[in-house]
Q: 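The structure follows.
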Amino acid sequence: MFEPVLDKLKEARKIVFVTGAGMSQESGIPTFRGKDGLWRNYDPMKIATIDAFYENPKLVWEWYEDRRRNIVAAQPNPGHNAIAELERYREVVVLTQNIDGLHQRAGSTKVLELHGSIIRIKCTVCSFQDYVVSSFDVLPPICKCGKILRPDVVWFGEPLPQDVWTEAIAYADSCDVMIIAGTSLLVSPANTLPLYAKQNNALLIEINPEDTMMSVDMNLTIRETCSNIIPKLTEIFSKLN
Ligand code: NAD
């Protein structure tokens with residue numbers, strides 16, 4: 001499976017993963033697009049925008065509370081676990097579009113959350129923020145300052161946290177291998193990260209059962225799921241050491 005790129009893999013020191021919703025699909029968290037994707041049942045512009053939120057904060061919160069309950073109950077899958085284990089053998093950074101925290105729960109120590117966290121809540125006005133795993137009794141929840149609280153996720157039309165994005169580019173720019181796992185690469189600017197890696201002549205590997213717009217730019221595409229393939233990759237590195 002990795003044979004065509006094995007020599008380059010063996011030399012690699014810095015490995016960057018770019019992960020998306022497909023990474024957590026085998027943990028029982030639906031993806032956005034594709035078969036059974038969340039967007040099949042909801043119009044994103046009615047749910048995941050600041051305008052939609054102010055128009056109907058209760059509806060948006062109800063949708064997020066369902067997702068929060070599902071995510072809190074989910075467990076990291078063998079794909080998440082294998083990425084965490086890879087840290088024993090190589091320098092590993094995870095640049096994730098996921099908001100579920102499963103990489104961290106699997107034990108990965110260097111995770112940059114490009115789109116925030118569904119478990120973190122912040123005030124729409126003051127600087128309050130906190131991690132909350134329990135459900136709220138009343139929706140929308142209200143901050144001590146009297147204003148509405150919101151999930152600390154990046155909605156459509158909102159910029160990424162600038163410090164996180166700058167750091168993500170620096171890692172993408174300097175890695176030896178980039179593994180793009182479980183993302184449709186349709187969401188900008190996260191989908192530009194492989195281009196930074198390519199400029200640095202990094203080896204690009206895609207793990208996704210389906211084609212993406214950037215599949216043709218990859219050195220290797222593996223049409224398989226994350227939990228089937230990433231443990232095999234970690235096994236290769238464990239045998240090199
Ligand atoms: P997406 O839904 O657009 O695409 C998911 C991709 O994963 C598809 O290309 C699909 O073919 C692939 N896939 C499905 N199952 C897979 C598996 N088991 N292994 C490997 N690949 C698999 O997701 P995206 O590209 O991350 O889209 C962007 C947005 O979705 C992000 O903004 C992200 O915040 C959000 N999102 C996050 C979560 C989460 O945190 N778990 C869940 C849904 C959506």
Side-chain angles (χ1 to χ4, degrees), residues 1 17-45 47-50 63-83 94-106 108 111-120 133 150-161 164-165 168 178-194 205-218 220-233:
M1 185 150 300
F17 284 83
V18 173
T19 65
M23 182 79 226
S24 297
Q25 185 263 342
E26 289 157 293
S27 292
I29 301 173
T31 58
F32 270 4
R33 298 169 190 85
K35 194 163 75 69
D36 304 325
L38 289 170
W39 290 153
R40 291 193 168 239
N41 303 320
Y42 299 92
D43 176 353
M45 301 315 276
I47 301 284
T49 69
I50 191 72
W63 190 71
Y64 274 95
E65 279 293 78
D66 275 351
R67 292 185 68 204
R68 279 162 47 80
R69 269 190 287 275
N70 180 229
I71 282 171
V72 169
Q75 295 300 323
N77 64 52
H80 295 107
N81 294 336
I83 293 175
V94 183
L95 311 178
T96 189
Q97 297 165 83
N98 293 347
I99 54 177
D100 55 35
L102 288 182
H103 283 297
Q104 296 92 322
R105 282 172 55 195
S108 284
V111 181
L112 271 62
E113 293 179 316
L114 303 172
H115 294 165
S117 163
I118 201 168
I119 302 304
R120 204 168 52 234
V133 289
R150 59 168 279 183
D152 193 1
V153 297
V154 176
W155 280 328
F156 289 106
E158 293 185 321
L160 271 54
V164 176
W165 180 239
M178 179 174 276
I179 297 171
I180 298 117
T183 171
S184 60
L185 291 173
L186 287 172
V187 176
S188 176
N191 62 357
T192 63
L193 289 168
I205 301 176
E206 180 174 68
I207 302 173
N208 194 318
E210 291 175 26
D211 243 12
T212 69
M213 270 181 7
M214 290 188 66
S215 296
V216 290
D217 296 304
M218 303 290 156
L220 180 69
T221 52
I222 303 178
R223 296 273 157 262
E224 260 284 5
T225 72
C226 292
S227 70
N228 280 340
I229 293 305
I230 301 175
K232 294 193 169 73
L233 180 74

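Counting convention: from 1, in listed order, for ligands and their atoms alike. Note that the structure is a prediction, hence the values are computed from the model and not measured. The figures here come from the full heavy-atom set of this structure, side chains too, leaving out hydrogens, waters and symmetry mates.
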Q: Under a 4.0 angstrom heavy-atom cut-off, which atoms of ligand 1 come close to Gly20?
A: 26 (O)

Q: Could you tell me whether ligand 1 has any atom less than 4.0 Å away from a heavy atom of Ser227?
A: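 False for this residue.
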
Q: In ligand 1, which numbered atoms sit nearer than 4.0 Å to a non-hydrogen atom of Val187?
A: 27 (O), 28 (C)

Q: Is there a donor-acceptor contact under 3.5 Å linking the side chains of Ser117 and Asp152?
A: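 No, no side-chain donor-acceptor pair sits under 3.5 Å.
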
Q: Check Leu185 against Pro194 and note the closest heavy-atom contact, atom names and distance.
A: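 Answer, listing the atom of Leu185 first, then Pro194: CD2-CG, 4.3 Å.
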
Q: What about Ile71: any of its N or O atoms under 3.5 Å from an N or O on ligand 1?
A: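 No.
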
Q: Any N/O of Thr225 closer than 3.5 Å to an N/O of ligand 1?
A: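 It does not: no N or O of Thr225 is found under 3.5 Å from an N or O of ligand 1.
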
Q: With a cut-off of 4.0 Å, which atoms of ligand 1 are near a heavy atom of Pro30?
A: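 What qualifies from ligand 1 is 42 (C), 43 (C).
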
Q: For Thr96 and Thr19, which I'm curious about, is there any donor-acceptor pair between the side chains at under 3.5 Å?
A: yes

Q: Give the atom numbers and elements of ligand 1 that come within less than 4.0 Å of a heavy atom of Glu210.
A: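 Counting atoms of ligand 1 from 1, those under 4.0 Å from Glu210 are 11 (O).
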
Q: Cut-off 3.5 Å, side chains only: do Thr225 and Gln25 have a donor facing an acceptor?
A: no

Q: Any cation-pi pair here, Arg68 with Trp63, using under 6.0 Å and within 45°?
A: no

Q: On a heavy-atom basis, which atom in Ala181 and which in Cys226 lie closest, and how many Å separate them?
A: CB-SG, 3.8 Å

Q: For atom 38 (C) of ligand 1, tell me which residue out of Gln97, Glu224, Arg67 has the closest non-hydrogen atom.
A: Arg67

Q: Within the 4.0 Å heavy-atom shell around Asp100, which atoms of ligand 1 are there?
A: 39 (C), 40 (O), 41 (N)

Q: List the residues meeting salt bridge (charged side-chain N to carboxylate O under 4.0 Å, His left out) with Arg223, not counting sequence neighbours, and say none if there are none.
A: Glu206, Asp211

Q: Between Ser24 and ligand 1, find which residue part has any heavy-atom pair under 4.0 Å and reply side chain, backbone, both or neither.
A: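 For Ser24, only side-chain atoms sit under 4.0 Å from ligand 1.
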
Q: Among Ile83, Asn208, Ile207, exactly one meets side-chain contact (heavy atoms from CB on, under 4.5 Å) together with Met23. Which residue is that?
A: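 Running side-chain contact (heavy atoms from CB on, under 4.5 Å) over Ile83, Asn208, Ile207 with Met23 returns exactly one hit, Ile83.
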
Q: Of all the atoms in ligand 1, which lie at a distance below 4.0 Å from a heavy atom belonging to Ile29?
A: 41 (N)

Q: Identify which of Thr19, Asn208, Val153 has a heavy atom lying nearest to atom 11 (O) of ligand 1.
A: Asn208

